[in-house]
There are 2 protein chains.
Amino acid sequence: MEERQARTAFAALSQETRLRIVRLLVQAGPEGMAAGAIAQAVEVSPSNVSFHLKDLEHAGMIVPRREARSIIYSADFTGLRDLIAFLMKDCCAGHPEICAPALVAAQCRPSTNNTTRKKAHA
Amino acid sequence: MEERQARTAFAALSQETRLRIVRLLVQAGPEGMAAGAIAQAVEVSPSNVSFHLKDLEHAGMIVPRREARSIIYSADFTGLRDLIAFLMKDCCAGHPEICAPALVAAQCRPSTNNTTRKKAHA
DNA sequence: TCCTCATTTCAATGATTATTGAATTGTAGG
DNA sequence: CCTACAATTCAATAATCATTGAAATGAGGA
């Protein structure tokens with residue numbers, strides 16, 4: 001991943017509506033959601049959700065597919081992984097054992113509450 | 001982590017100079033770097049780097065400590081982990097086995113080249 | 001204590017970015 | 001074919017953010 005694309009992705013995630021959309025779609029999984037349903041869920045106008053969906057797609061955070069009259073959007077898990085990898089690349093100058101314990105908890109796993117700090121378990 | 005704080009963090013990472021600073025400090029590890037050294041490395045004015053360092057500190061992405069006359073900044077690995085965890089929380093509605101394979105490669109480990117796509121190896 | 005150096009603060013300017021509602025595209029069902 | 005519906009595009013407005021240089025702060029060494 002290039003720096004330019006990473007910045008575009010982070011900028012996309014820095015906006016309230018867009019961050020909600022991405023998290024909604026991350027939780028929805030590969031099945032995804034229609035643009036209209038997303039608009040209802042995050043409570044914005046169709047025109048506005050379209051604007052943000054385009055931005056997220058351009059940022060490589062979500063991916064669209066047509067299904068009947070609707071357009072279904074789902075999280076781009078590859079794009080998300082690449083973004084995180086870019087941010088953490090060469091962490092601790094090639095000695096990941098230093099910071100890895102602080103990062104493993106960040107992995108994708110079910111959790112109803114993230115406010116309690118989790119211990120790393122390699 | 002709260003949504004508001006996550007947005008602040010993503011906004012911080014969406015700016016060219018700030019993203020370079022964070023990646024520089026991620027690679028530098030816990031040892032960190034002085035503000036002046038960072039300014040030289042990313043080639044911006046002291047005033048400008050100070051502005052961005054404050055923003056990154058406020059976003060919970062870096063942490064400062066005084067050492068003699070200098071102020072040493074290092075990456076806040078806990079903050080970074082929390083941010084990623086927030087983004088990926090409850091992924092795939094509690095069935096992480098669906099998206100986890102796409103995310104494990106994002107972990108902190110040494111790599112000289114990230115342009116070649118890495119296979120997930122659980 | 002005085003002087004020096006590293007960093008921060010400040011005010012002003014220029015440049016992106018989100019939002020809104022109306023109009024448009026394009027897909028399918030009757 | 002034509003109507004209805006889902007989604008997007010467009011232009012205008014309002015708000016937020018990065019950059020610059022000069023001035024100020026604050027900690028240490030002599």
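Below, chain A is the first sequence line, B the second, and so on; all start at residue 1. Keep in mind that this is a model prediction, so the values were computed, not measured.
Counting non-hydrogen atoms under 4.0 angstrom, A/Ser70 reaches the backbone sugars and phosphates but no base. Across all strands shown, B/Ser45 has no heavy atoms under 4.0 Å from either base or sugar-phosphate atoms. The residue B/Ala11 sits apart from the nucleic acid: no heavy atom pair falls under 4.0 Å. As judged by a 4.0 angstrom heavy-atom cut-off over every strand, B/Ala39 is placed among residues making no nucleic acid contact.
Atom CG in A/Asn48 sits roughly 15 Å away from atom P in C/dA22 (whole-Å rounding). Rounded to a whole Å, the CG atom of A/Asp55 is 14 Å from the C1' atom of C/dT19. With rounding to whole Å, A/His58 atom NE2 is found 11 Å from C/dT17 atom P. Distance CG (A/Leu56) to P (C/dA18): 10 Å, rounded to an integer number of Å. Taking atom OH on B/Tyr73 and atom P on C/dA6, their separation rounds to 15 Å, with Å as the unit. Nucleotide C/dT27 holds its P atom 15 Å from the CD1 atom of A/Ile72, rounded to whole Å. Between B/Phe51 atom CZ and C/dA6 atom C1' the separation is 20 Å, expressed in whole Å.
Annotation: side chain of B/Ile72 is not in contact with side chain of B/Met33 (no heavy-atom distance under 4.5 Å). Taking the side chain as every heavy atom from C-beta outward, B/Val63 and B/Glu57 never approach each other to under 4.5 Å. The side-chain heavy atoms of B/Ile84 and A/Met88, taken from C-beta on, include a pair separated by under 4.5 Å.
Taking the centre and axis of the six-membered ring of A/Phe86, the NZ or CZ atom of B/Arg23 falls inside the cone set by 45° and 6.0 Å.
Residue A/Glu3 places its CD atom among more than 12 non-hydrogen atoms of other residues, nucleotides or ligands, all under 6.0 Å distant. Other residues, nucleotides and ligands contribute over 12 non-hydrogen atoms within 6.0 Å of the CZ atom of B/Arg65. Within a 6.0 Å radius of CD in A/Glu16, more than 12 heavy atoms belonging to other residues, nucleotides or ligands are found.
Residue whose closest nucleotide on DNA chain C sits further toward the 5' end, between A/Arg18 and A/Arg66: A/Arg18.
Residue A/Gln15 has a polar side-chain atom (N or O) positioned under 4.0 Å from OP1 or OP2 of C/dT19.
Applying the 3.5 Å distance criterion, the base of C/dT7 shares no donor-acceptor pair with the side chain of B/Arg69.
Of all nucleotides in DNA chain D having an atom under 4.0 Å from a heavy atom of chain A, the first and last in 5' to 3' order are D/dA4 to D/dT9.
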